Amino acid sequence: MNASEVAPSRIAVRLAERSYDVVVGRGLIEQASSWEGLRLGADGMVVTNPVVGAHHLDKLRAVLSRRHRRLHVVELPDGEQHKDWPTLQRIFDTLLQAGCDRRTVVYALGGGVIGDMAGFAAACYMRGIGYVQIPTTLLAQVDSSVGGKTAINHAMGKNMIGAFHQPLRVLCDVDLLGTLPEREFRSGLAEVIKYGPIWDWTFFEWLELHADALLAREPGTLITAIRRSCEIKADVVGRDERESDLRAILNFGHTFAHAIEAGLGYGTWLHGEAVGSGMVLAADLSARMGRIEWSIAQRIRNLVARCWLPVEAPALGVERWLELMRMDKKAQAGEIQFVLLDKPGGAGLQTAPDAMIGEVLAHNSAVA
Ligand SMILES: NC(=O)c1ccc[n+]([C@@H]2O[C@H](COP(=O)([O-])OP(=O)(O)OC[C@H]3O[C@@H](n4cnc5c(N)ncnc54)[C@H](O)[C@@H]3O)[C@@H](O)[C@H]2O)c1
Ligand SMILES: [Zn+2]
């Protein structure tokens, strides 16, 4: 398929004066239509890291240096461990040293770490400037770049310092995923899968049929999967921007996943790997609570496994699991809130008896 043969899809995130488009397609950086209608200050600032920059910075720089009178680039060190205040400061240093004004546009070229940091810097600089997301991981294309959550980590918790700040546009160019390591790609598939059970069971069935093409990164199949994921996220965020209620369902599998990440030490399992296992546990709990048929939980487990994501949870010990999950942001007065399915394609927040959580873990752990 030639990039020029297929027009990119545009998905509107409807948030009154903060509305914007998510564009999904191939070769987007080079296409003029990707940039049309975007705010244009004298200065542009690309935030990236050396790993992503080595692959994709040159083509972005070539396009943006024709759009801005001055184009600045800041390369942050790669990795979640640098999603912190001293690293964020480097963005502010560069903006100030270059004399960037309020019309400056920030471009986030990278995965969720770069997107979250560049977005948070844009939220703070001169009380808020515009930014464009150019996500380069599957996770960032289907999840973190859409919805305006930006943050850095604190020693005492992930994403604890942040702001809601919507981007001006999101460009999801599937060609950028060509250089993504296999493990990162598969991890991103977990966030694609999650949209089916919570919102659109037909999409889940489509994923069952197209899992092999997705794993082979077939561009047309990837575009369809990313587009549908972004449509669902846009729909949810459009109804509940600040997560007063509905938006929490996007955390399907995440109460368990966060416990896995914290329990094993961050980075031992990738986030999407923990979400894969977390969705299996949450689906099992939904079935055990009588909310969905067991066959639905089994199909979720099968699809997670087909995407080479873990379905067996690590054996942390039930007490430790419960302790970790009570620290989850959704927990209220020490009661763990799970996103549970109430039908194939629908979910809500729910508590569960400790004994039942224990049963779920016993049935799905590597070692009981
Ligand atoms: N804001 C939100 O709503 C939201 C939602 C989910 C996750 N997040 C955040 O996203 C972060 C995780 O994002 P991630 O999974 O994208 O991780 P990441 O940004 O660390 O990227 C993963 C790795 O892939 C490399 N990489 C990125 N794109 C590449 C490419 N095209 N080719 C080769 N290598 C590439 C990166 O340099 C990095 O080493 C976490 O910090 C999480 O908190 C935010
Ligand atoms: Zn996630």
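Numbering of ligands and ligand atoms starts at 1, following listing order. Hydrogens, waters and symmetry mates are skipped; everything else that's a heavy atom, side chains included, is used. For clarity, every value in this text was computed on a predicted model and none was experimentally measured.
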- For K83, counting its heavy atoms only, list the atoms of ligand 1 lying under 4.0 Å from any of them. 9 (C), 40 (C), 41 (O), 42 (C), 43 (O)
- Counting each atom of ligand 1 from 1 as listed, which ones have a heavy atom of K158 under 4.0 Å away? 43 (O)
- Task: Output the list of atoms in ligand 1 that are nearer than 4.0 Å to some heavy atom of E184, sorted by atom number.
- Result: 22 (C), 23 (C)
- Message: If you measure every N or O of T179 against every N or O of ligand 1, does any of those distances drop under 3.5 Å?
- Response: yes
- Note on the structure: Out of L180, V275, V113, the nearest non-hydrogen contact to atom 19 (O) of ligand 1 is supplied by V113
- Item | Gap separating the CG atom of D245 from the CG atom of L349, nearest 0.5 angstrom | 7.0 Å
- With backbone taken as N, CA, C and O and side chain as the heavy atoms from C-beta onward, which portion of E80 lies under 4.0 Å from ligand 1: side chain, backbone, both, or neither? side chain
- Item | Donor-acceptor pair between E293 and Q298 side chains, under 3.5 angstrom | no
- Side-chain donor-acceptor pair present, N159, K149, cut-off under 3.5 Å: no
- Would you mind telling me which of V22, I134, V23, V105 makes a side chain to side chain contact (heavy atoms under 4.5 Å, CB included) with R169? V23
- Hey, are H72 and T104 close enough side-chain-wise for a donor-acceptor pair under 3.5 Å? no
- Message: Using a strict threshold of under 4.0 Å (side-chain N to carboxylate O), is an ion pair present between R299 and E205?
- Response: yes
- Note on the structure: Counting heavy atoms under 4.0 Å, the part of L176 that contacts ligand 1 is backbone
- Proximity of N159 to ligand 1 by residue part, where a heavy atom lies under 4.0 Å: side chain
- Item | Any side-chain donor near an acceptor of the partner, H254 and H271, under 3.5 Å | yes
- Message: Heavy-atom distances under 4.0 Å decide this one: backbone, side chain, both or neither, for P181 against ligand 1?
- Response: side chain
- Message: Looking at D43 and R103, is there a salt bridge between them, counting it only when a charged N and a carboxylate O are closer than 4.0 Å?
- Response: no
- Part of K149 within contact of ligand 1 (heavy atoms, under 4.0 Å): both
- Where the closest heavy atom to atom 37 (O) of ligand 1 is concerned, which of T150, T48, D78 has it? D78
- Message: Tell me the contacting part of N49 for ligand 1: side chain, backbone, both, or neither, using a 4.0 Å heavy-atom threshold, strictly below.
- Response: side chain
- Query: Between V51 and ligand 1, which residue portion shows a heavy-atom distance shorter than 4.0 Å: side chain, backbone, both, or neither?
  - Reply: side chain
- Taking both backbone and side-chain atoms of T136, is any N or O found less than 3.5 Å from an N or O belonging to ligand 1? yes
- Item | Residue pair D284 / N364, side-chain donor-acceptor N/O under 3.5 Å | yes
- Can you tell me the N, O or S atom of E191 that's nearest the Zn ion (ligand 2)? OE2
- Among non-hydrogen protein atoms, atom 9 (C) of ligand 1 lies closest to D116 OD2, 3.5 Å
- Item | Short side-chain to backbone donor-acceptor contact, Y20 and R14, under 3.5 Å | no
- Note on the structure: In terms of its nearest heavy atom to atom 17 (O) of ligand 1, the top option of S144, G112, A108, S145 is G112
